[in-house]
Protein chains: 2
Amino acid sequence: MVSKAIHGKFVNPFPEDKHRKQGDARMTESKGGDGTVGKALDVLDLIASFNRPVRFAELQGKSPFPKATLYRLIQTLTHQNMLAQDPDTGAYSPGIRLVRLAHAAWQQSSLAPIARPHIDDLSRQAGQTIHLAQLDGGQVLYVDKRNAREPVDMFSQAGKVGPGYCTGVGKAMLAFLTETELEAVLARQSFHRFTPSTLTTKDALWTEFEEIRASGYAFDREEHEAGIICIAAPILSNGGRVIGGLSITGTLLKTTLAELESFAPLLLQTAQKIAEDAESWRFPGQQTANR
Amino acid sequence: MVSKAIHGKFVNPFPEDKHRKQGDARMTESKGGDGTVGKALDVLDLIASFNRPVRFAELQGKSPFPKATLYRLIQTLTHQNMLAQDPDTGAYSPGIRLVRLAHAAWQQSSLAPIARPHIDDLSRQAGQTIHLAQLDGGQVLYVDKRNAREPVDMFSQAGKVGPGYCTGVGKAMLAFLTETELEAVLARQSFHRFTPSTLTTKDALWTEFEEIRASGYAFDREEHEAGIICIAAPILSNGGRVIGGLSITGTLLKTTLAELESFAPLLLQTAQKIAEDAESWRFPGQQTANR
DNA sequence: TTTGTTGTTTCACTATTTGAAACTTAATCT
DNA sequence: AGATTAAGTTTCAAATAGTGAAACAACAAA
């Protein structure tokens with residue numbers, strides 16, 4: 001495949017010069033990004049997306065890079081322990097070095113440590129499942145979770161990703177992005193119809209965003225998973241920038257939208273507290289919607 | 001020059017450590033890097049090692065790379081969301097994209113998911129703190145933990161690193177490496193004396209390794225932290241390869257080495273069970289000692 | 001204002017990366 | 001067994017992407 005057209009050394013959508021001048025700020029390309037490092041990270045993402053060990057040939061099929069290049073990138077990543085290779089099958093999976101790096105990331109760049117006491121409280125008071133999320137490349141990244149009852153089930157949940165356009169936290173966060181950011185994010189949504197209730201058009205979303213901005217919170221009306229509903233609020237910095245999202249989730253078997261809505265004041269109040277703490281802790285904040 | 005060509009596609013057995021750090025901090029983390037990707041990852045590691053947001057100037061002081069190069073690397077990483085930059089202070093910290101990647105890594109390349117039920121059992125039976133670790137670049141990387149009583153405290157613990165030469169799990173794992181692997185690992189240890197009991201010479205360690213191999217388990221006799229002791233065992237694959245380590249930890253206030261030793265059979269049995277499960281789940285295993 | 005510190009860009013030079021193709025296993029078929 | 005196909009690895013000339021001294025901008029302090 002990939003004949004002459006794409007295999008250019010540096011996949012640049014805009015045939016500018018080799019030297020990217022300051023010019024157009026961050027025209028962040030989602031993928032195929034900057035230099036060799038960007039390519040390597042793409043490969044990492046690709047491998048991670050399989051959620052199981054993958055062999056070289058399979059990767060080659062899904063990757064735009066020519067065989068030799070892909071091979072070298074993988075070699076490098078493996079040497080760096082960013083990938084682990086099964087000695088028997090030769091299959092690759094994300095490496096443990098990532099776990100170490102993520103520890104630092106979670107502690108420093110996520111809202112989780114700051115929000116912890118607050119979501120503990122919220123969980124106790126609402127008696128429901130709580131999700132704390134942030135935006136990452138247009139997707140919802142869950143950074144913490146409280147199960148109503150059971151002991152925490154952390155790492156297996158933190159790091160999970162979900163769609164931005166059909167989850168409560170997703171919509172709550174998107175609704176408060178700037179128009180530019182939103183445009184960028186929407187362009188990256190798949191608009192897959194998960195359930196009959198899923199909103200699959202920009203227009204439908206846009207309308208809903210207005211309601212969300214008006215009320216301050218969003219609902220997930222079984223849009224991602226049948227029987228699962230939630231109420232969610234954005235966590236906004238002083239400057240009005242979206243730094244995260246918070247939600248209370250339940251199943252239609254045990255609760256109703258009306259009941260969840262009764263938690264709205266508590267939810268908003270918690271989101272507010274988290275925002276304040278984040279501010280005073282000089283939280284890095286950098287929560288741009290693009291990648 | 002700083003970046004001398006390694007170019008060999010296949011890493012030379014012992015890559016000379018070219019990036020010599022001046023006024024090296026405590027992190028024994030500097031490993032050579034292949035190509036630009038390696039350098040970028042070095043920078044990531046460096047930033048992560050600060051455990052707080054760092055500004056450019058500070059990084060420049062600790063990094064072997066010239067200003068412009070460092071700058072570009074950081075730019076790229078930030079672009080890729082591997083780093084987050086505080087919009088106000090301009091300080092950098094590890095980015096959330098890492099959290100997402102780590103989720104995949106933790107699930108696929110760590111022993112944690114497989115070992116979970118077993119360490120739950122062990123924790124219940126021993127009523128002590130349990131650590132599950134793996135080797136990462138000569139250091140001990142904790143991938144899971146059970147606190148005797150309190151609910152799990154996951155992400156805040158998983159991803160943590162510790163020295164290999166003066167922790168129970170560390171010694172248990174090192175003792176069962178091949179001589180070549182061990183040599184490589186020992187070369188990367190700092191041999192910092194944490195407490196009066198810390199073993200600070202290769203010889204002392206070597207002797208201890210023999211005992212560990214004989215008994216099958218290792219002790220930490222306050223070598224890393226005063227008052228903290230533990231008993232640890234390696235988790236070995238069928239082929240005898242070290243795939244992880246497991247430990248039972250206590251404080252001298254509440255327990256003794258003798259009491260911990262009484263758990264030895266249980267500990268070894270658990271390690272064995274985990275190994276079996278790992279094997280049958282075709283665990284990637286790739287647990288080479290070098291980076 | 002000047003000075004100093006920190007962060008950003010330039011630009012000539014070149015070393016690293018590139019990728020088609022050749023090659024070496026490892027598996028599968030006849 | 002030998003022949004055939006697929007998977008993975010290495011080569012090598014070409015050129016892109018990376019380098020880093022130094023100039024530059026932005027901003028704070030003197």
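All values derive from a computational prediction rather than experimental measurement. Letters A, B, ... mirror the listed sequences (proteins, then strands); counts begin at 1.
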*Base, sugar-phosphate alone, or nothing: which one does B:Thr69 contact when heavy atoms must sit under 4.0 Å apart?*
base
*Evaluate the ring planes of B:Tyr165 and B:Phe191, with Trp represented by its six-membered ring, and classify them as parallel (under 30°), tilted (30 to 60°) or perpendicular (over 60°).*
tilted
_Here's a test of your reading of the structure: between A:Thr36 and A:Ala68, which maps to the more 5' nucleotide of DNA chain D?_
A:Ala68
*asked:* Should the side chain of A:Lys67 and the base of C:dG19 be counted as holding a donor-acceptor pair, with the cut-off at 3.5 Å?
replied: no
*State plainly whether the residues B:Glu183 and B:Arg188 are in salt-bridge range, i.e. N to O under 4.0 Å.*
no
_Distance check needed: C:dA26 P versus A:Arg55 CZ, whole Å only._
14 Å
*To the nearest Å, how far apart are A:Gln85 CD and D:dT9 C1'?*
12 Å
*Quick one: are A:Leu101 and B:Met82 in side-chain contact, heavy atoms under 4.5 Å?*
no
_Can you measure A:Ile74 atom CD1 to C:dT17 atom C1' for me and round it to whole angstrom units?_
16 Å
*Ignoring the backbone of A:Pro66, work out which of D:dG8, C:dA20, D:dG20 is nearest its side chain.*
C:dA20
*Starting at CZ of B:Phe56 and ending at C1' of C:dT9, how long is that distance when rounded to a whole Å?*
12 Å
_Measure CD/B:Gln75 against C1'/C:dG7 and give the value in whole Å, please._
10 Å
*Grab the CZ-P distance between B:Phe65 and C:dT8 for me, whole Å please.*
19 Å
_Nearest-angstrom distance from the residue atom CZ of A:Arg72 to P of D:dC12_ = 14 Å
*With a 4.0 Å cut-off on heavy atoms, is B:Ala57 in touch with a base, just the backbone sugar-phosphate, or nothing at all?*
sugar-phosphate
*When rounded to the nearest 0.5 angstrom, what is the spacing between CG in A:Asn51 and CD in B:Gln108?*
5.5 Å
*Reported CG-to-NE2 distance for the pair B:Leu246 and B:His118, which is rounded to 0.5 angstrom*: 10.5 Å
*Roughly, in whole Å, what's the span from CD in B:Gln60 to P in C:dT5?*
13 Å
*Of A:Tyr71 and A:Val37, whose nearest nucleotide on DNA chain D comes first from the 5' end?*
A:Tyr71
